[in-house]
Amino acid sequence: MAEGRYRVFVYGTLLTGEENHEVAAPYVRAACPGKVNGRLYNVGPYPALVLGEEGEVEGEWLTVTEEGLKAMDELEDYVEGRRDNEYERVWVRDACKPIEGYVYVYPPEKAAGLPLIPSGSWRQREEKM
C-alpha cells in the first residue's frame, strides 16, 4: 500500500451513501465491496461489529489517506491506548478476498443484549432508524 494510505473496512454509517460517509469521503482513494467474519448488532443509530462470531458482515474496503484514518478515529471516538474506547481499531482480513486492513470493532461484552442484524448488512437491517 502506498505511503500514508490505509485500508479500512466500514460496515455502517461510513458506507458510501450513508450519513457519516462525508467524514471519510474527501480522503477516499479507492473503494470496493467486502465481507468480514463476525456478527452485526444494532446499537440504534449505528451498528456494532463483533469479530470471531459465526456469520459474515457486508461492507466496503476504503483506502484512505492518513488524514482520513484520523477523521474516522475521531468519529468513532477512538484513541490508541485508551482503555475506555467504545470501539477498538484492529487488523482484519476479508472473508473472501486477499484484502486486509483496519476495522472498528465492538467488545463482545458490550454487545450482549443488543439486537442482532441477521442479514449482516447495515443497509438491509429490518428497522431503519
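The analysis underlying the following values was restricted to heavy atoms, covering all of them including side chains, and did not include hydrogens, waters or symmetry mates.
The distance from atom OH of Tyr6 to atom OG1 of Thr63, rounded to the nearest 0.5 Å, is 12.5 Å. Taken to the nearest 0.5 Å, the CG atom of Leu69 stands 11.0 Å off from the CG atom of Leu62. For the atom pair CZ of Arg123 and CD of Glu18, the computed distance is 5.5 Å after rounding to the nearest 0.5 Å. Atoms CZ and CD, on Arg89 and Glu76 in that order, are 10.5 Å from each other to the nearest 0.5 Å. The OH atom of Tyr102 sits 8.0 Å away from the OH atom of Tyr78 when rounded to the nearest 0.5 Å. Expressed to the nearest 0.5 Å, how far CG of Leu75 lies from OH of Tyr46 amounts to 10.0 Å.
Side-chain atoms of Arg39 come within 3.5 Å of backbone N or O of Glu54 as a donor-acceptor pair. Using a distance-only test at 3.5 Å, with no hydrogens or angles considered, a donor-acceptor pair links the side chain of Asn85 to the main chain of Val79.
Inter-residue side-chain proximity for Glu60 and Thr16 is flagged as met; some heavy-atom pair is nearer than 4.5 Å. Between Met72 and Leu14 there is a side-chain heavy-atom pair separated by less than 4.5 Å. Counting heavy atoms from C-beta on, the side chains of Val92 and Glu100 never come closer than 4.5 Å. Leu40 is not listed as a side-chain neighbour of Leu116, based on a closest heavy-atom distance of 4.5 Å or more. Looking at Leu49 and Val36, their side chains come closer than 4.5 Å, going by heavy atoms from C-beta outward. Annotation: side chain of Glu19 is not in contact with side chain of Pro45 (no heavy-atom distance under 4.5 Å).
In terms of heavy atoms, Asn42 sits closest to Trp122 at OD1-CZ3, 4.0 Å. Residues Pro47 and Gly12 come closest through the heavy atom pair CG-CA, 3.5 Å.
A search for salt bridge (charged side-chain N to carboxylate O under 4.0 Å, His left out) contacts involving Arg82 returns Asp77, Asp84, not counting sequence neighbours. Every side chain to side chain contact (heavy atoms under 4.5 Å, CB included) that Ile99 has, sequence neighbours left out, goes to Arg7, Cys32, Trp61, Asp94, Lys97. Residues that satisfy the salt bridge (charged side-chain N to carboxylate O under 4.0 Å, His left out) test with Glu66, not counting sequence neighbours, are Lys70. For Arg29, there are no salt bridge (charged side-chain N to carboxylate O under 4.0 Å, His left out) partners, not counting sequence neighbours.
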After noting the C-alpha distance and the side-chain angles of Ser119 and Glu58, does the key distance pass the side-chain contact (heavy atoms from CB on, under 4.5 Å) rule? CA-CA 9 Å; Ser119 67; Glu58 294 180 9; over 6 Å; no
Criterion side-chain contact (heavy atoms from CB on, under 4.5 Å) on Lys35 and Val57, from CA distance to verdict: CA-CA 5 Å; Lys35 292 182 180 182; Val57 173; over 6 Å; no
Considering only distance and modelled atom types, tabulate donor-acceptor pairs under 3.5 Å from the side chains of residues 103-115, sequence neighbours left out.
residue : atom : partner : partner atom : Å
Tyr104  : OH   : Asp73   : N            : 3.2
Tyr104  : OH   : Asp73   : OD1          : 2.5
Tyr106  : OH   : Glu86   : OE2          : 3.4

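Identified under the ring pair (Phe, Tyr, Trp, His ring centres under 6.0 Å) test for residues 16-39, with sequence neighbours left out: none.
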